[in-house]
Chemist: 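If you scroll down you'll find the structure; I have some questions about it.
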There are 2 protein chains.
Amino acid sequence: MPDDSVFLALAHPVRRRLLQLLAGGPRTAGDLAEQFDLSRPAVAEHLSVLRRAELVRDVPVGRQRRYHLTAEPLAEVEDWLHPFEHLWRARLRSLADVAEEDT
Amino acid sequence: MPDDSVFLALAHPVRRRLLQLLAGGPRTAGDLAEQFDLSRPAVAEHLSVLRRAELVRDVPVGRQRRYHLTAEPLAEVEDWLHPFEHLWRARLRSLADVAEEDT
DNA sequence: CCGACATGTCAACTGGGCCCGACACGTCAG
DNA sequence: CTGACGTGTCGGGCCCAGTTGACATGTCGG
């Protein structure tokens, strides 16, 4: 039973969007908050969840705070996902093969 | 904004475990419920979440109900994950390179 | 046809996630 | 030093997921 916090972090669309934004490079908290029509505290809380999952790292820069993406924990998701991969790939193939079959 | 329900389904350890169990082959509801120390309704609700995400399919067999895994929606998670993959792989490599750097 | 079984579903309670407004802390400009 | 700005955190309210025990539905055995 791995971390659970990573899967939990990915469960909310805002947090997934945050990760996508940070994939393009570091951003400040205010900059991130402006991307959503949410209050600053709300975004701060989402960032806190991401920080707990160690998916982001924050570095104080003057009176701003710069958030960096740390994608390593996502490897855990991929590891979990991997055993299933051949299942849906096999099924997608067989769907083409047995196109005459019913569901 | 893809389905959201898939990520939500994966957010709970019981549901992830259910998927792993079903990866080994179809199982009945009661059989699945016995794997956890949870009430039947609890497991049924988890199964309902999985069904909503179209990750499982249930087929009545006599007075039992057989659950099958349908892994296709997991492809959505992999698709979302893929753009990040090179990030953590690159970082794991560079961690070895800059081992003398601090965090 | 009747009782036992497998399962789904309902009502009610609880917990926690999500959101906001307000406040506190530290930093920069002058 | 003082005031403005960027951020984090706190307190409170709202709502939904999760849990449980009890009940309803449908199926098999005799």
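Chain A is the first sequence line, chain B the second, and so forth, proteins listed ahead of strands; every chain is numbered from 1. Computed over heavy atoms, backbone and side chain alike; hydrogens, waters and symmetry mates excluded.
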Chemist: Determine the contact category for B:T28: base if any of its heavy atoms lies under 4.0 Å from a base atom, sugar-phosphate if only primed atoms, P, OP1 or OP2 are that close, otherwise nothing.
Modeler: sugar-phosphate

Chemist: Tell me the interatomic distance from B:H12, atom NE2, to C:dG17, atom P, rounded to whole angstroms.
Modeler: 11 Å

Chemist: Salt-bridge test for B:R89 and A:E78: reply yes if a basic N is under 4.0 Å from a carboxylate O, no otherwise.
Modeler: yes

Chemist: Measure CZ/B:R40 against P/D:dC23 and give the value in whole Å, please.
Modeler: 17 Å

Chemist: In residues 58-67 of chain B, which residues come under 4.0 Å of DNA chain C by heavy atom?
Modeler: B:R63, B:Q64, B:R65, B:Y67

Chemist: To the nearest 0.5 Å, what is the distance between CG (A:L22) and CZ (A:R57)?
Modeler: 11.5 Å

Chemist: In whole angstroms, how far is the P atom of C:dG17 from the CG atom of A:L10?
Modeler: 16 Å

Chemist: Within a radius of less than 6.0 Å around CZ of A:R51, do more than 12 heavy atoms belonging to other residues, nucleotides or ligands occur?
Modeler: yes

Chemist: Can you check the A:F36 CZ to C:dC18 P distance for me, whole Å?
Modeler: 13 Å

Chemist: Is B:V59 close to B:R65 at the side-chain level, that is, under 4.5 Å between some pair of heavy atoms?
Modeler: no

Chemist: Side-chain contact, heavy-atom cut-off 4.5 Å: A:S5 with A:R52?
Modeler: no

Chemist: Out of C:dC19, D:dT20, D:dG18, which nucleotide sits closest to the side chain of B:V49?
Modeler: D:dG18

Chemist: Among the nucleotides C:dT9, D:dT19, C:dC20, which one has an atom lying closest to any side-chain atom of B:L38?
Modeler: D:dT19

Chemist: State, with a plain yes or no, whether a side-chain heavy atom of A:L18 is found less than 4.5 Å away from one of A:F36.
Modeler: yes

Chemist: Can you confirm whether A:L19 sits close enough to A:L10 that some side-chain heavy atom of one is under 4.5 Å from a side-chain heavy atom of the other?
Modeler: yes

Chemist: Rounded to the nearest Å, what distance is computed from the CD atom of residue A:E45 to the P atom of nucleotide D:dG8?
Modeler: 11 Å

Chemist: Is there side-chain contact between B:W88 and A:E72, with at least one heavy-atom pair below 4.5 Å?
Modeler: yes

Chemist: Report yes if a side-chain nitrogen or oxygen of A:R15 is closer than 4.0 Å to either non-bridging phosphate oxygen (OP1 or OP2) of C:dC18; otherwise report no.
Modeler: yes

Chemist: Answer yes or no on whether A:R16 is positioned over the face of B:F7, meaning its NZ or CZ is under 6.0 Å from the six-membered ring centre and within 45° of the axis.
Modeler: yes

Chemist: Mind checking B:R51 for me? I need base, sugar-phosphate or nothing, with any heavy atom below 4.0 Å counting as a touch.
Modeler: nothing

Chemist: Tell me whether the OP1 or OP2 atom of D:dA17 has a side-chain N or O from B:H46 closer than 4.0 Å.
Modeler: no

Chemist: Just how far, in rounded Å, is P of D:dG6 from CD of A:E34?
Modeler: 9 Å

Chemist: With a non-hydrogen cut-off below 4.0 angstrom, is A:A29 in contact with a base, only sugar-phosphate, or nothing?
Modeler: sugar-phosphate

Chemist: Can you measure B:D37 atom CG to D:dT20 atom P for me and round it to whole angstrom units?
Modeler: 9 Å

Chemist: Using whole Å, report how far CZ of A:F7 lies from P of C:dG17.
Modeler: 17 Å

Chemist: Find the bend of the helix from C:dC1-D:dG30 to C:dG30-D:dC1 as the angle between its two terminal axes (five pairs each), to the nearest 10°.
Modeler: 30°

Chemist: Take atom CG of A:D79 as the centre, draw a 6.0 Å sphere, and report whether it contains more than 12 heavy atoms from other residues, nucleotides or ligands.
Modeler: yes

